[in-house]
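Below is the structure I would like to discuss, written out as C-alpha coordinates.
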Amino acid sequence: MKVLKIIIQIALLYAFAWLGGQIQQWLHLAIPGSIIGLLLLFVLLLCRVVPVSWIEAGSTTILFYLPLFFVPATVGVINHLDLFAGKGLLLVAIVIASTIITIIAAGHASQWLAILTERRRGTNETIDRVEQLQAELEEESGIRMTSQIAQDERTTRNDKQQAASASSHTKDASQAKLYRKKGTQL
(Lines give C-alpha, C1' and ligand atoms only; values in the text may rest on other atoms or scores of the structure.)
Protein backbone atom coordinates (compact mmCIF):
# COMPACT_ATOMS: atom_id res chain seq x y z
CA MET A 1 0.00 0.00 0.00
CA LYS A 2 2.87 2.36 0.85
CA VAL A 3 4.58 1.66 -2.47
CA LEU A 4 1.35 2.41 -4.34
CA LYS A 5 1.02 5.71 -2.46
CA ILE A 6 4.59 6.69 -3.41
CA ILE A 7 3.99 5.78 -7.07
CA ILE A 8 0.80 7.86 -7.18
CA GLN A 9 2.55 10.85 -5.59
CA ILE A 10 5.48 10.63 -8.00
CA ALA A 11 2.95 10.44 -10.84
CA LEU A 12 1.34 13.64 -9.49
CA LEU A 13 4.74 15.35 -9.46
CA TYR A 14 5.33 14.15 -13.01
CA ALA A 15 1.89 15.50 -13.98
CA PHE A 16 2.95 18.96 -12.81
CA ALA A 17 6.19 18.70 -14.81
CA TRP A 18 4.18 17.60 -17.88
CA LEU A 19 1.65 20.42 -17.39
CA GLY A 20 4.52 22.91 -17.14
CA GLY A 21 5.91 21.55 -20.42
CA GLN A 22 2.54 22.00 -22.09
CA ILE A 23 2.26 25.59 -20.81
CA GLN A 24 5.79 26.30 -22.04
CA GLN A 25 4.99 24.98 -25.53
CA TRP A 26 1.62 26.74 -25.69
CA LEU A 27 3.00 30.14 -24.62
CA HIS A 28 6.41 29.70 -26.34
CA LEU A 29 8.29 30.64 -23.17
CA ALA A 30 12.07 30.50 -22.79
CA ILE A 31 11.71 28.96 -19.31
CA PRO A 32 11.88 25.13 -19.23
CA GLY A 33 8.53 23.41 -18.74
CA SER A 34 9.69 21.50 -15.68
CA ILE A 35 10.48 24.80 -13.93
CA ILE A 36 7.06 26.17 -14.86
CA GLY A 37 5.49 23.00 -13.45
CA LEU A 38 7.43 23.35 -10.21
CA LEU A 39 6.41 27.00 -9.91
CA LEU A 40 2.79 26.01 -10.51
CA LEU A 41 3.07 23.32 -7.83
CA PHE A 42 4.70 25.83 -5.47
CA VAL A 43 1.88 28.35 -5.93
CA LEU A 44 -0.76 25.66 -5.41
CA LEU A 45 1.01 24.51 -2.24
CA LEU A 46 1.16 28.09 -0.94
CA CYS A 47 -2.53 28.60 -1.64
CA ARG A 48 -3.23 25.23 -0.01
CA VAL A 49 -5.05 24.00 -3.10
CA VAL A 50 -2.71 21.01 -3.10
CA PRO A 51 -2.01 19.71 0.43
CA VAL A 52 1.59 18.78 1.23
CA SER A 53 0.44 15.30 2.22
CA TRP A 54 -0.43 14.62 -1.44
CA ILE A 55 3.25 14.80 -2.49
CA GLU A 56 5.24 14.30 0.72
CA ALA A 57 6.10 10.59 0.49
CA GLY A 58 6.81 10.73 -3.26
CA SER A 59 9.07 13.78 -3.01
CA THR A 60 10.94 12.28 -0.03
CA THR A 61 11.59 9.14 -2.05
CA ILE A 62 12.84 11.14 -5.04
CA LEU A 63 15.13 13.19 -2.79
CA PHE A 64 16.51 9.99 -1.28
CA TYR A 65 17.56 8.76 -4.74
CA LEU A 66 18.66 12.21 -5.97
CA PRO A 67 22.42 11.38 -6.14
CA LEU A 68 21.65 8.68 -8.70
CA PHE A 69 20.20 11.34 -11.00
CA PHE A 70 23.64 12.97 -11.23
CA VAL A 71 25.30 9.83 -12.60
CA PRO A 72 24.32 10.54 -16.24
CA ALA A 73 25.73 14.07 -16.01
CA THR A 74 28.98 12.73 -14.56
CA VAL A 75 29.24 10.10 -17.28
CA GLY A 76 28.63 12.81 -19.87
CA VAL A 77 31.52 14.85 -18.48
CA ILE A 78 33.79 11.82 -18.56
CA ASN A 79 32.86 11.16 -22.21
CA HIS A 80 33.95 14.71 -23.12
CA LEU A 81 37.19 14.99 -21.15
CA ASP A 82 38.93 16.43 -24.21
CA LEU A 83 36.95 19.67 -23.67
CA PHE A 84 38.45 20.00 -20.21
CA ALA A 85 42.01 18.95 -21.11
CA GLY A 86 44.62 21.44 -19.94
CA LYS A 87 42.08 23.43 -17.96
CA GLY A 88 42.05 21.34 -14.78
CA LEU A 89 43.53 24.00 -12.51
CA LEU A 90 41.20 26.61 -13.93
CA LEU A 91 38.20 24.33 -13.27
CA VAL A 92 39.36 23.64 -9.70
CA ALA A 93 39.78 27.39 -9.10
CA ILE A 94 36.32 28.10 -10.52
CA VAL A 95 34.72 25.38 -8.37
CA ILE A 96 36.45 26.65 -5.20
CA ALA A 97 35.59 30.31 -5.92
CA SER A 98 31.96 29.55 -6.72
CA THR A 99 31.65 27.43 -3.57
CA ILE A 100 33.07 30.23 -1.40
CA ILE A 101 30.78 32.82 -3.04
CA THR A 102 27.77 30.55 -2.49
CA ILE A 103 28.67 30.01 1.18
CA ILE A 104 29.11 33.75 1.76
CA ALA A 105 25.85 34.64 -0.01
CA ALA A 106 23.91 31.98 1.89
CA GLY A 107 25.42 33.11 5.19
CA HIS A 108 24.57 36.76 4.60
CA ALA A 109 21.05 35.91 3.44
CA SER A 110 20.39 33.73 6.49
CA GLN A 111 21.75 36.38 8.87
CA TRP A 112 19.62 39.05 7.21
CA LEU A 113 16.51 36.88 7.50
CA ALA A 114 17.32 36.06 11.14
CA ILE A 115 17.71 39.76 11.98
CA LEU A 116 14.51 40.64 10.14
CA THR A 117 12.59 37.91 11.94
CA GLU A 118 14.02 38.94 15.31
CA ARG A 119 13.11 42.58 14.71
CA ARG A 120 9.53 41.64 13.89
CA ARG A 121 9.29 39.32 16.85
CA GLY A 122 11.00 41.85 19.13
CA THR A 123 8.78 44.69 17.99
CA ASN A 124 5.61 42.71 18.59
CA GLU A 125 6.86 41.46 21.96
CA THR A 126 7.89 44.99 22.98
CA ILE A 127 4.51 46.44 22.02
CA ASP A 128 2.71 43.66 23.87
CA ARG A 129 4.90 44.17 26.94
CA VAL A 130 4.34 47.96 26.95
CA GLU A 131 0.58 47.49 26.68
CA GLN A 132 0.68 44.93 29.49
CA LEU A 133 2.66 47.30 31.74
CA GLN A 134 0.27 50.15 30.96
CA ALA A 135 -2.72 48.01 31.90
CA GLU A 136 -1.02 46.91 35.15
CA LEU A 137 -0.23 50.51 36.10
CA GLU A 138 -3.77 51.63 35.39
CA GLU A 139 -5.19 48.84 37.50
CA GLU A 140 -2.84 49.32 40.45
CA SER A 141 -2.66 53.08 40.78
CA GLY A 142 -5.31 54.57 38.57
CA ILE A 143 -2.61 56.59 36.77
CA ARG A 144 -3.56 57.67 33.29
CA MET A 145 -1.06 56.75 30.63
CA THR A 146 0.85 59.15 28.38
CA SER A 147 -1.48 58.70 25.43
CA GLN A 148 -4.48 59.63 27.57
CA ILE A 149 -2.64 62.65 28.99
CA ALA A 150 -1.68 63.75 25.49
CA GLN A 151 -5.31 63.37 24.40
CA ASP A 152 -6.40 65.54 27.35
CA GLU A 153 -3.78 68.16 26.46
CA ARG A 154 -5.03 68.27 22.87
CA THR A 155 -8.60 68.69 24.10
CA THR A 156 -7.57 71.49 26.46
CA ARG A 157 -5.60 73.24 23.70
CA ASN A 158 -8.58 72.99 21.32
CA ASP A 159 -10.88 74.38 24.02
CA LYS A 160 -8.51 77.33 24.60
CA GLN A 161 -8.34 78.03 20.86
CA GLN A 162 -12.13 77.98 20.60
CA ALA A 163 -12.44 80.27 23.60
CA ALA A 164 -9.86 82.67 22.15
CA SER A 165 -11.66 82.63 18.82
CA ALA A 166 -15.00 83.29 20.49
CA SER A 167 -13.55 86.16 22.58
CA SER A 168 -12.01 87.74 19.49
CA HIS A 169 -15.43 87.63 17.78
CA THR A 170 -17.00 89.20 20.88
CA LYS A 171 -14.25 91.83 20.94
CA ASP A 172 -14.82 92.59 17.24
CA ALA A 173 -18.56 92.89 17.85
CA SER A 174 -18.08 95.33 20.77
CA GLN A 175 -15.63 97.44 18.74
CA ALA A 176 -18.17 97.55 15.91
CA LYS A 177 -20.81 98.87 18.34
CA LEU A 178 -18.39 101.56 19.52
CA TYR A 179 -17.65 102.65 15.98
CA ARG A 180 -21.36 102.76 15.17
CA LYS A 181 -22.02 104.92 18.19
CA LYS A 182 -19.29 107.30 17.06
CA GLY A 183 -20.65 107.22 13.52
CA THR A 184 -17.64 105.61 11.88
CA GLN A 185 -17.42 102.43 9.90
CA LEU A 186 -14.90 99.57 10.12
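Because the structure is a prediction, the values reported are computed rather than measured.
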Rounded to the nearest 0.5 Å, what's the gap from OG1 on T60 to OH on Y65? Could you check?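 Reported to 0.5 Å precision, the distance equals 12.0 Å.
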
Q9 versus E56, closest heavy-atom pair with distance: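 Looking at all heavy atoms of both residues, the shortest contact is OE1-N, 3.5 Å.
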
If you round to the nearest 0.5 Å, how far is CD1 of I6 from CE of M1? 12.0 Å

Would L27 and I36 satisfy side-chain contact (heavy atoms from CB on, under 4.5 Å), going step by step from the backbone distance to the final call? CA-CA 11 Å; L27 297 175; I36 294 171; over 6 Å; no

Spacing of OG belonging to S59 relative to CG belonging to L66, to within rounding of 0.5 Å: 11.5 Å

Flag the pair L45 / I55 as yes when at least one side-chain heavy-atom distance between them is below 4.5 Å, and no otherwise.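 Counting from C-beta outward, L45 and I55 do come under 4.5 Å.
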
Which hydrophobic side chains are connected to L46, either touching it within the sub-4.5 Å cutoff or through other members that do? F42

Just wondering, do V50 and F16 contact through their side chains at under 4.5 Å, heavy atoms?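 Side chain of F16 against side chain of V50, heavy atoms only: contact under 4.5 Å found.
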
Remaining members of hydrophobic cluster (4.5 Å side-chain criterion), I100: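 I100 shares its hydrophobic cluster with V92, I96, I104.
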
OH (Y14) and CG (L19) are apart, to the nearest 0.5 Å, by 12.0 Å

Spacing of L39 atom CG and S34 atom OG [to the nearest 0.5 Å]: 9.5 Å

Going by the rule side-chain contact (heavy atoms from CB on, under 4.5 Å), which residues pair with P51 if we only count those two or more places apart in sequence or in a different chain? S53, W54

Mind checking whether V52 and L41 sit in one hydrophobic cluster, side chains of I, L, V, M, F, W, Y counted as touching below 4.5 Å? yes

When clusters are formed by joining ILVMFWY residues with side-chain heavy atoms under 4.5 Å apart, either directly or through shared neighbours, do V49 and L38 land in the same one?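 Not linked; separate clusters.
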
Other residues, nucleotides and ligands only: do more than 12 of their heavy atoms fall within 6.0 Å of CZ on F64?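 For F64, atom CZ is not crowded (no more than 12 foreign heavy atoms under 6.0 Å).
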
Within the distance-only criterion (no hydrogens, no angle test), does the side chain of Q24 pair as donor or acceptor with the backbone N or O of L29 below 3.5 angstrom? yes

Got a second to check how far I10's CD1 is from T61's OG1, nearest 0.5 Å?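 One gets 5.5 Å once the value is rounded to the nearest 0.5 Å.
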
Should I35 and L12 be regarded as members of a common hydrophobic cluster, given that ILVMFWY residues are connected when their side-chain heavy atoms come within less than 4.5 Å of each other, either directly or indirectly? yes

